Amino acid sequence: MLLLTVPDEFSFSQTLAYLSVSSAECMYQMKDKKLYKLLKIDDIDLLIEISNPTQNVLQISFINQPKIMNEKIELKVTKYIQDWFDLDRDLVPFYQMAAHDPILSKIAKQFYGLRNIGMPSLFEALCWAIIGQQINLSFAYTLKRRFVETFGKSITWQDQKYWLFPTSGQIASLSIDDLTALKMTKKKAEYLIGVASLIESTELSKSALLDLMVQKGEKEAEKQLVKIRGIGPWTANYVMMRCLRASSAFPIDDVGLQNAMKFALGLDQKPTKDEIKTWSINWANWESYATFYLWRTLY
DNA sequence: CTCCAGGTCCATT
DNA sequence: AATGGACATGGA
């Protein structure tokens with residue numbers, strides 16, 4: 001068992017509410033206000049249970065391997081949770097900005113304590129973004145589930161299956177037909193295998209992208225990502241938001257963002273790109289949080 | 001039946 | 001540089 005102190009501006013109930021929206025999600029389970037997820041740490045399959053026993057504390061229990069814990073594993077699990085829930089970020093400036101923003105003021109209060117729930121694995125984030133390109137979300141979840149259940153690995157604990165996302169090595173070795181069999185487009189199949197191969201060859205890595213962001217800024221990381229076939233501006237910014245934690249990542253082409261702004265502003269039609277740029281001027285350096293909160297209003 | 005989904009690539013102007 | 005079609009499927 002492991003206890004993790006969390007900031008005041010964090011709400012576990014908001015986190016659970018967000019995570020339960022995607023009912024078709026296959027990478028975690030929820031029961032009795034506890035969250036369950038299978039992690040692979042140092043080649044060990046660890047099923048963790050996350051609960052919120054008291055204010056400002058998360059409790060992490062190791063369910064399937066209670067005896068294997070050691071400090072090294074504990075530290076890695078802690079890092080994972082901090083990354084997943086974006087716990088290291090100071091949200092005070094975001095809420096200060098949002099309080100004066102015509103679009104964000106209401107939803108910042110409504111979802112107070114919600115953090116940008118991430119995808120610590122670069123490969124998983126890229127796959128999820130590519131799978132979700134141009135199709136409705138429910139179909140995207142269907143495709144993701146097929147992808148995971150066909151090529152991923154699982155353990156069973158008390159009659160419930162817990163999945164690990166397929167590795168880049170597994171996907172890099174597939175043929176196009178293996179993936180089109182799941183009913184995704186041929187191009188998506190090519191993109192997924194291509195990205196998997198780049199990660200396998202270490203030409204593409206999360207650490208290198210994070211370094212690039214520190215050294216040369218977030219725009220440079222976006223440029224690198226967009227060079228890759230299958231990654232356009234939307235996918236690059238989506239992955240920078242959910243995985244690289246780039247505060248100014250802004251998937252401005254996103255139809256969900258457009259719809260959320262349409263509803264928030266009571267418009268008759270979706271705002272244009274230029275209108276979105278104008279409305280988002282105040283969000284500078286918090287675009288990713290603004291987007292995340294706006295998406296949250298859609299369901 | 002038609003239109004649109006958490007877009008991107010590619011061919012054509 | 002800008003524009004339009006193709007793409008797989010499913011829900012409204």
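Small disclaimer: the values here were computed from a predicted structure and weren't measured.
- Within 4.0 Å of A:K186, counting heavy atoms only, lie sugar-phosphate atoms of the nucleic acid but no base atom.
- Note on A:E25 versus A:R145: no salt bridge recorded, every NZ/NE/NH1/NH2 to OD/OE distance being 4.0 Å or above.
- Among residues at least two apart or in separate chains, salt bridge (charged side-chain N to carboxylate O under 4.0 Å, His left out) pairs with a member in residues 227-237 of chain A are A:E190-A:R229.
- Atom-to-atom, CG of A:N136 to P of B:dT2 comes out at 19 Å; the value is rounded to the nearest Å.
- Less than 4.0 Å separates DNA chain C from no heavy atom of any residue of residues 272-282 of chain A.
- Between A:W128 and A:Y141, a ring centre-to-centre spacing shorter than 6.0 Å is recorded.
- B:dC10 sits 14 Å from C:dA8 when the P atoms are compared, rounded to a whole Å.
- Protein chain A touches strand DNA chain C; the 5'-most and 3'-most nucleotides with an atom under 4.0 angstrom of its non-hydrogen atoms are C:dC7 to C:dG11.
- A:L35 has its side chain out of reach of A:E49: every pair of non-hydrogen atoms, C-beta onward, lies at least 4.5 Å apart.
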Checklist outcome for this item: Under a 4.0 Å heavy-atom criterion, the protein footprint on nucleotides 7-13 of chain B, written with B, S and -, is BSBS---
Next on the checklist: For a side chain to side chain contact (heavy atoms under 4.5 Å, CB included) check, start with the C-alpha distance between A:I252 and A:Q258, then their side-chain angles and the critical distance, and finish with the verdict.
Outcome noted: CA-CA 8 Å; A:I252 196 166; A:Q258 295 162 13; over 6 Å; no
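- For A:K270 and B:dA5, the shortest distance from a side-chain N or O to OP1 or OP2 is below 4.0 Å.
- Cation-pi geometry between A:K37 and A:W84 is satisfied (NZ or CZ under 6.0 Å from the ring centre, within 45° of the ring normal).
- Hydrophobic cluster membership differs between A:L164 and A:V148, with clusters built from Ile, Leu, Val, Met, Phe, Trp and Tyr side chains linked at under 4.5 angstrom.
- When each of A:E222, A:E287, A:E218 is checked for a side-chain hydrogen bond (donor to acceptor under 3.5 Å, both in side chains) with A:S248, only A:E218 meets the rule.
- At least one side-chain heavy atom of A:F10 sits less than 4.5 Å from a side-chain heavy atom of A:L58.
- Contact of the A:S51 side chain with the A:K33 side chain is not registered, since no non-hydrogen atoms from C-beta on lie closer than 4.5 Å.
- Residues passing the side-chain contact (heavy atoms from CB on, under 4.5 Å) test with A:T150, sequence neighbours excluded: A:L182.
- The residues A:K153 and A:D45 are annotated as not salt-bridged, no charged nitrogen and carboxylate oxygen being separated by less than 4.0 angstrom.
- A salt bridge links A:D83 with A:K206: the distance from a Lys NZ or Arg NE/NH1/NH2 to an Asp or Glu carboxylate oxygen falls below 4.0 Å.
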Item to check | Watson-Crick and G-U pairing of DNA chain C, under 3.5 Å, as dot-bracket with | and [ ] | outcome: |||||||.||||
